[in-house]
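Please read these numbers as outputs of a predicted model, since none were measured by experiment.
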Amino acid sequence: MQFLVLGYDGTDPEALARRLAVREDHLKLFREGLASGKFLFGTAILNDEGQMAGSAILADFPSREALDQEWLQREPYVTGHVWQTVTVHRAQVPAFLLER
């Protein structure tokens, strides 16, 4: 099952510092997810000033429960209190895009 995960950072003055403090751990986990096929795509969401303010990740897990247990519960942006709001939506990427 594919999911679009949108994580929105806090807007407090320390939000960017929290993100940067765990960013390398987040990127390491993301690279592992890419290598295993769990992640298909990811990008930072930028605010009007061009600063990172969130993330969008297209993921592939057997179920929503697996997504939570195998990834979100150990995602550094979650455990590091970077993402203050996380929404998860079922998604479906056309097969021809995955074959590129």
Next item on the list: Give, for atom CD of Gln69 and atom OG of Ser63, the distance between the pair rounded to the nearest 0.5 Å.
Entry: 7.5 Å

Checklist line | Note, Leu34 side chain near Phe41 side chain (heavy atom, < 4.5 Å) | finding: no

Margin query: Nearest 0.5 angstrom please: Tyr8 OH to Thr85 OG1, how far?
Written below: 9.0 Å

Item checked: Within-4.5 Å side-chain heavy-atom neighbours: Val93 and Asp60 -> no

Note to self: What I'd like to find out is whether the side chain of Leu6 reaches to under 4.5 Å of the side chain of His89, using heavy atoms alone.
What the structure shows: yes

Checklist line | side-chain contact (heavy atoms from CB on, under 4.5 Å) evaluation trace for Val88 with Arg64 | finding: CA-CA 9 Å; Val88 179; Arg64 171 59 198 265; 3.3 Å; yes

Item checked: Rounded distance [0.5 Å steps], CZ in Arg23 versus CG in Leu16 -> 10.0 Å

Checklist line | Which atom of Ala59 lies closest to which atom of Trp71, heavy atoms considered | finding: CB-CZ3, 4.5 Å

Checklist line | Spacing of His81 atom NE2 and Asp12 atom CG [to the nearest 0.5 Å] | finding: 12.0 Å

Checklist line | Step-by-step salt bridge (Lys or Arg N to Asp or Glu O under 4.0 Å) determination, Asp9 to Arg18 | finding: CA-CA 9 Å; Asp9 297 8; Arg18 281 193 310 275; over 6 Å; no

Next item on the list: Scan residues 10-36 for pairs that pass ring pair (Phe, Tyr, Trp, His ring centres under 6.0 Å), counting only residues two or more places apart or in two chains.
Entry: His26-Tyr77, Phe30-Phe39

Notebook entry, point to check: So, do Phe3 and Ile57 sit near enough that their side-chain heavy atoms are less than 4.5 Å apart?
Noted result: no

Check: Can you name the closest pair of heavy atoms from Lys38 and Pro62 and give their distance?
Finding: NZ-CD, 4.0 Å

Notebook entry, point to check: Do the side chains of Val5 and Met1 join up, straight or via other hydrophobic residues, at under 4.5 Å, putting them in one cluster?
Noted result: yes

Notebook entry, point to check: Which heavy-atom pair separates Gly10 from Ala15 by the least distance, and what is that distance?
Noted result: O-CB, 3.1 Å

Notebook entry, point to check: Shortest non-hydrogen contact from Ala91 to Leu4?
Noted result: CB-N, 4.0 Å

Checklist line | Common cluster, Ile45/Val86, ILVMFWY with side-chain heavy-atom separation under 4.5 Å | finding: no

Notebook entry, point to check: Do Arg19 and Val82 have side chains that get closer than 4.5 Å, going by heavy atoms?
Noted result: yes

Note to self: Within the 4.5 Å heavy-atom criterion, are Gln73 and Val78 side-chain neighbours or not?
What the structure shows: no

Note to self: Could you measure the distance from the OG1 atom of Thr43 to the CE atom of Met52? Nearest 0.5 Å is fine.
What the structure shows: 11.0 Å

Notebook entry, point to check: Given the rule in the salt bridge (Lys or Arg N to Asp or Glu O under 4.0 Å) test, do Lys28 and Glu24 qualify, once you have shown the distances and angles that lead to the verdict?
Noted result: CA-CA 6 Å; Lys28 180 178 184 276; Glu24 288 307 314; over 6 Å; no

Check: CD of Gln2 to CG of Leu58: how many Å apart, nearest 0.5 Å?
Finding: 5.5 Å

Note to self: Can a donor-acceptor pair be found, under 3.5 Å and without considering hydrogens, that links the side chain of Asn47 to the backbone of Gln51?
What the structure shows: yes

Check: Side chains of Arg74 and Leu29: closer than 4.5 Å at any heavy-atom pair?
Finding: yes

